[in-house]
2 protein chains.
Amino acid sequence: MARTQGSHSDITGPRIRAAAQELFARHGFAAVSMRQIASHVGLQAGALYNYTSDKQSLLVELMQAHMEDLLTAWAAEPKPGDVMGCLEAFVRFHIRYNLQRSDAVFIAYMELRNLTPDNFRQIEAHRRAYEDQLEGVLKDGVEQGVFDVPDTKIAALAVIAMLNGVLTWYRDSGRLSLVEVETIYWDMVRKAVGV
Amino acid sequence: MARTQGSHSDITGPRIRAAAQELFARHGFAAVSMRQIASHVGLQAGALYNYTSDKQSLLVELMQAHMEDLLTAWAAEPKPGDVMGCLEAFVRFHIRYNLQRSDAVFIAYMELRNLTPDNFRQIEAHRRAYEDQLEGVLKDGVEQGVFDVPDTKIAALAVIAMLNGVLTWYRDSGRLSLVEVETIYWDMVRKAVGV
DNA sequence: GTTTTATCTGAACATTTGTTCAGTTATTCA
DNA sequence: TGAATAACTGAACAAATGTTCAGATAAAAC
């Protein structure tokens, strides 16, 4: 048999990407087979090739979509007029946004080595663009005398690394709410870069 | 032919582990084959099984050795009498030690998902023991009124995550020396947890 | 109601995988 | 010198891999 019921093209594609994202995040790109992905969607492996040219493309598309969504979401985030408020907005946005798509974040950080050089450069450029957003806030703050860091680039990387750490331990069922976690990290970031 | 010259058992073992560590760190455990490891040492794949029972054991032994070395090295580190000095010692030690074995650190953080449950628990216990070392310093500091953090456990995780970020960008040939990097991070950590 | 098309199956392909093991050689021990 | 052993080769194994494609079937178009 073939098509079991209705037209599936517009729903099968997203389901494949969702299954791939979950499996890549859990087991790693190299450890997941096309047959496993297909099985999660209820397909045979061959059917995947109606939606992707090969396995690597599946990974690249997930990473690209994630990075672009991240940049778009931050651009759409309302920003206070003062740098201190901007930094707080970034911290809370980053924690909240990344926790809600931890699978995509894990992949974007762990599977860079499975990309071809071209694809790597593209994803890396996106990441740098995001880091530049934070560094811009820090630079403004330093100029205004609100922040004090010896190196805004390193400070930006340090802050992002610290915030990403939340992903390794946060659970929805844990003792702290999302907002409480945000506030704890915001306190530490504010003090770390403050005058 | 077989043995080409001299007795190799005591030198081949370490060379295999070194090759495995480098390849696992660069391409990921699942993406590296036993034949690649053997080829890096100048052996056939079958010869590896004189030194390891299987591929997973090779990974576990690397991770265990790394975590135990880390705990031993920190235990041997001289510690000042005051908590502030202790925290500084931890920050500088962590950056320096981890940068000097970035391959082992990468593996210990990225390949946890390739471990069997038993092995995972063992490595995780080691990691927690290391985190507890830092949390102990923070707790003492809070009691003495030298530090101010709402949650010592989260603060410890945040500090370690921030320090680990160095691994993703530091290069020996970069514009900053190791000591300069240590100092920049120590400044941020000190302010982040300070009163 | 017939033809066309989108969607999927199922089998096949050449490679590669981890692992085993009988045999081979260089070294060590008696 | 001869026997024993440590260290390795090279071939083999079944299983799994990414990918292709002819054919089957349901839905859509006419």
Side-chain angles (χ1 to χ4, degrees), chain A residues 1-24 26-63 107 111 113-116 118-119, chain B residues 1-24 26-63 107 111 113-116 118-119:
Chain A
M1 69 189 138
R3 255 198 304 201
T4 50
Q5 61 178 22
S7 183
H8 285 162
S9 174
D10 50 348
I11 187 134
T12 303
R15 287 186 64 207
I16 289 174
R17 282 186 286 275
Q21 184 166 70
E22 188 190 323
L23 290 168
F24 288 166
R26 178 138 56 208
H27 305 108
F29 174 75
V32 173
S33 73
M34 296 298 266
R35 283 171 181 80
Q36 286 176 54
I37 299 171
S39 156
H40 259 240
V41 189
L43 294 176
Q44 297 297 315
L48 300 182
Y49 291 85
N50 289 327
Y51 301 90
T52 186
S53 59
D54 53 16
K55 196 188 173 191
Q56 162 110 196
S57 300
L58 209 45
L59 175 64
V60 174
E61 281 159 27
L62 287 175
M63 295 176 83
I107 293 172
E111 306 298 347
R113 58 191 172 189
N114 285 302
L115 296 178
T116 61
D118 273 2
N119 290 330
Chain B
M1 69 188 139
R3 258 198 304 200
T4 50
Q5 62 177 21
S7 182
H8 285 162
S9 174
D10 50 348
I11 188 136
T12 303
R15 286 186 64 206
I16 289 174
R17 282 187 285 277
Q21 180 161 288
E22 188 190 324
L23 290 168
F24 288 166
R26 178 137 57 205
H27 305 109
F29 174 76
V32 174
S33 72
M34 295 298 267
R35 282 171 183 79
Q36 286 176 53
I37 299 171
S39 155
H40 260 239
V41 188
L43 294 176
Q44 297 297 316
L48 300 182
Y49 291 86
N50 289 327
Y51 302 91
T52 186
S53 58
D54 53 14
K55 195 187 173 192
Q56 161 109 196
S57 300
L58 210 46
L59 175 64
V60 174
E61 280 159 27
L62 287 174
M63 296 176 82
I107 293 172
E111 305 299 346
R113 57 190 173 190
N114 286 303
L115 297 178
T116 60
D118 273 3
N119 290 330

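Quick note on labels: first sequence line is chain A, next is B, and so on, each numbered from 1.
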**Student:** Contact list please: residues 26-43 of chain A against DNA chain C, heavy atoms, distance less than 4.0 Å, in numerical order.
**Tutor:** A:Arg35, A:Gly42, A:Leu43
**Student:** Can you tell me the distance, in whole Å, between the CD1 atom of B:Ile11 and the P atom of D:dA6?
**Tutor:**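 From B:Ile11 CD1 to D:dA6 P: 19 Å.
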**Student:** Considering only heavy atoms, which members of residues 53-63 of chain B lie under 4.0 Å from some atom of DNA chain D?
**Tutor:**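 Per residue number, the list is empty: none.
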**Student:** What pairs with B:Ala31 under side chain to side chain contact (heavy atoms under 4.5 Å, CB included), at least two apart in sequence or on another chain?
**Tutor:**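 Expected list: A:Ala30, B:His27.
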**Student:** Salt bridge (Lys or Arg N to Asp or Glu O under 4.0 Å) with B:Glu22: which residues, sequence neighbours excluded?
**Tutor:**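 So B:Glu22 forms a salt bridge (Lys or Arg N to Asp or Glu O under 4.0 Å) with B:Arg26.
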**Student:** Can you check the B:Leu48 CG to C:dC21 P distance for me, whole Å?
**Tutor:**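 So the two atoms are 16 Å apart, to the nearest Å.
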**Student:** Rounding to an integer number of Å, can you tell me how far B:Tyr49 OH sits from C:dT17 P?
**Tutor:** 12 Å
**Student:** Could you pull out all residues at least two apart from B:Glu111 that satisfy side chain to side chain donor-acceptor pair (under 3.5 Å)?
**Tutor:** A:Arg113, B:Asn114
**Student:** To the nearest 0.5 Å, how far apart are CG in A:Leu59 and CZ in A:Phe29?
**Tutor:** 5.0 Å
**Student:** Rounded to the nearest 0.5 Å, how far apart are CE of A:Met63 and CG of A:Asn119?
**Tutor:** 9.0 Å
**Student:** Taking side chain to side chain contact (heavy atoms under 4.5 Å, CB included) as the test, write out the residues that go with A:Ser53, two or more places apart.
**Tutor:** A:Ser57
**Student:** Among residues at least two apart in sequence or on other chains, which ones pass side chain to side chain donor-acceptor pair (under 3.5 Å) with B:Glu61?
**Tutor:**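 Partners of B:Glu61 by the side chain to side chain donor-acceptor pair (under 3.5 Å) criterion come out as none, since no residue qualifies.
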**Student:** Answer yes or no: does a side-chain N or O of A:Thr12 lie under 4.0 Å from OP1 or OP2 of C:dC8?
**Tutor:** yes
**Student:** Let me know the distance between CG of A:Asn50 and P of C:dT7, rounded to the nearest Å.
**Tutor:**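 After rounding, the gap between these two atoms is 8 Å.
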**Student:** Roughly, in whole Å, what's the span from CD in B:Gln44 to P in C:dT19?
**Tutor:** 17 Å
**Student:** Extract all donor-acceptor atom pairs below 3.5 Å that involve side chains of residues 34-50 of chain A and protein atoms in other chains or at least two apart in sequence.
**Tutor:**
none

